[in-house]
Amino acid sequence: MAEPAQQAAFLTRNTVEDLPSGGLEARLKAAATEGRQLRVKLGLDPTAPDLHLGHTVVLQKLREFQDLGHRVVLIVGDYTARVGDPSGRSLTRPALSGEQIDENAATYQAQAFRVLRDDPDLLEVRRNSEWLDMRMEELFRLARTTTVAQLLERNDFAKRFAARTPISILELLYPLLQGYDSVAIRADVELGGTDQTFNLMLGRDVQRAYGLPEQCVLTVPLLAGLDGREKMSKSLGNHIGVTDDAGEMFGRTLSLPDDAMREWFRLLGFDEPGPDVGPRDAKRALGRAIVERFHGADAAAAAQAGFDRQFIARDVPEDLPTLVVVPGEDGTVHLPALIAEAFGRSRSEGRRLLTDGGVRLGGDVVRTADVSAAEVAGKVLQVGKRAFTRLEIGS
RNA sequence: GGCGGGAUUCCUGAGCGGUCAAAGGGGCGCGGCUGUAAACCGUGUGGCUCUGCCUUCGGAGGUUCGAAUCCUCCUCCCGCCA
């Protein structure tokens, strides 16, 4: 294992804050003296089933800890998810069922393993229902550790309080529950996005109140979404899922605004291309690197080839699905119906697409709703630039 | 407990009782220019058996020839006072 100072320098690369300042190095030294691994905590609430690239930034950092021999403790927030996080505007977010949480949790773990090393010495997966399903008495003890004033220091809360928008008690309790996780697993370090700084720091207070050493806090920047503005989030639809297929990953990456590209390279841990590489090629390199990480080099090459074929050569992709068409009695087919069936849109939308010139048949724009069966047989129906299906006549 | 405000289509946010499937903006779709970038331009954005018809404006009733718009009750949200 490398010297603590070197480790600290390596681990704080591309992070925003290391709190308290220099705390990580001190902790690494102490651990080295005691001859033990650090316990590095990350909590994830299994509220949505899939991880995206944004999550992998912090996972990547955890992986670095693992590579240095430290132990990652991944906490699946099954209990907190069950309560239903009331923050944000999603007033109607329903508390998830136990089964659904179990399912999500399993998916999470599987996806996290695409980044983390699944080695029992280096990874421990825990669920916070193990300790959060506590007696009132214990909750009282936890609640005594923190004052309302402390909680209101959080920017988020402060703003809402000032603006007189509602803050539920449950929301106030959330940071405490998260902090208790740190107590339960005796975290040496906790990681999170910059939006988690307050919660992570509060974990220190909670640990202290329980007579434990306080964890160090390491925050990583939030990865911007595909729009280049908001942080990546599934609900904003600006994400790339870690389970997306290779072509999807590559294509979506290319839609990233240039401004956000540098940051993506950095946060995702890829080497930036030199200054002589133009933005177009740099982004293609980024796309390949991303696909390669999750699907391998062959898939990355194939994804790029497929992309070039489809969008540069304007050719139809390989392996397109076939839709069997049954003509009407008069021997014609109704295109809006086909569009609806093939691409999951409504017939009305299909009609609009036709009049807007967004539909191609065998490469040529069609604007008529009804065409003869002979005209469509064996041809490729295309909507927009991305949706294709081959048409075959059936009976 | 008292008083007041609100619930509109993906989001936001307009909406004299008829001309409202419902303004504007955002987002998104399609088209153009391009590098599936940005910026910009055009266009569309409930459904359908589509010159019309059907279902939508928190829920249930009611008034009316006619209601997103008026009344009643209900549910939920918010603020102020206690």
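Computed from a predicted model, the values in this text were never measured in an experiment. Chain letters run A, B, ... following the sequence lines, proteins first, then strands; residues in each count from 1.
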Would you measure the distance from the [atom1] atom in [N] across to the matching atom in [M] and give it in whole Å?
{"N": "B:rG25", "M": "B:rU8", "atom1": "C1'", "result": "16 Å"}
{"N": "B:rG58", "M": "B:rU64", "atom1": "P", "result": "23 Å"}
{"N": "B:rU19", "M": "B:rC73", "atom1": "C1'", "result": "33 Å"}
{"N": "B:rG18", "M": "B:rG27", "atom1": "C1'", "result": "33 Å"}
{"N": "B:rA23", "M": "B:rA68", "atom1": "P", "result": "15 Å"}
{"N": "B:rC10", "M": "B:rG62", "atom1": "P", "result": "28 Å"}
{"N": "B:rG24", "M": "B:rG32", "atom1": "C1'", "result": "25 Å"}
{"N": "B:rU63", "M": "B:rC71", "atom1": "C1'", "result": "7 Å"}

By nearest nucleotide on RNA chain B, pick out whichever of A:Arg352 and A:Asp227 is the more 5' one.
A:Asp227
Rounded to whole Å, please give me the gap between [atom1] in [X] and [atom2] in [N].
{"X": "A:Leu354", "N": "B:rC48", "atom1": "CG", "atom2": "C1'", "result": "16 Å"}
{"X": "A:Glu329", "N": "B:rU49", "atom1": "CD", "atom2": "P", "result": "16 Å"}
{"X": "A:Glu230", "N": "B:rC28", "atom1": "CD", "atom2": "P", "result": "11 Å"}

Any strand is fair game: report the nucleotide pairing with [N] by Watson-Crick or G-U wobble, both distances under 3.5 Å, or none.
{"N": "B:rU49", "answer": "none"}
{"N": "B:rG79", "answer": "B:rC3"}
{"N": "B:rC65", "answer": "B:rG18"}
{"N": "B:rC40", "answer": "B:rG32"}
{"N": "B:rU72", "answer": "B:rA60"}

Are [X] and [Y] ion-paired here, with the side-chain N under 4.0 Å from a carboxylate O?
{"X": "A:Asp18", "Y": "A:Arg27", "answer": "no"}
{"X": "A:Glu137", "Y": "A:Arg141", "answer": "no"}
{"X": "A:Arg280", "Y": "A:Asp258", "answer": "no"}

Checking salt bridge (charged side-chain N to carboxylate O under 4.0 Å, His left out) for the pair A:Lys379/A:Glu375: CA distance, chi angles, key distance, verdict?
CA-CA 8 Å; A:Lys379 295 234 180 103; A:Glu375 272 182 275; 6.0 Å; no
Any pair counted as ring pair (Phe, Tyr, Trp, His ring centres under 6.0 Å), so long as it reaches residues 214-237 of chain A, sequence neighbours left out
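Listed once each, the pairs would be none.
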Distance-only, no hydrogens or angles: does the A:Arg126 side chain make a donor-acceptor pair with backbone N or O of A:Leu74 under 3.5 Å?
no
5' to 3', nucleotides 29-42 of chain B under a 4.0 Å protein heavy-atom cut-off (B base, S sugar-phosphate only, - none) gives BSS---BBB-----
Using the side-chain hydrogen bond (donor to acceptor under 3.5 Å, both in side chains) rule, take A:Gln111 and A:Asp50 through it: C-alpha gap first, then chi angles, then the decisive distance, then the call.
CA-CA 8 Å; A:Gln111 294 178 3; A:Asp50 291 302; 2.7 Å; yes
Do A:Leu51 and A:Trp264 share a hydrophobic cluster, counting only Ile, Leu, Val, Met, Phe, Trp and Tyr and linking them when any side-chain heavy atoms are less than 4.5 Å apart?
yes
With a 4.0 Å cutoff (strictly under), does any side-chain N or O of A:Ser346 reach OP1 or OP2 of B:rC48?
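Yes, such a contact exists.
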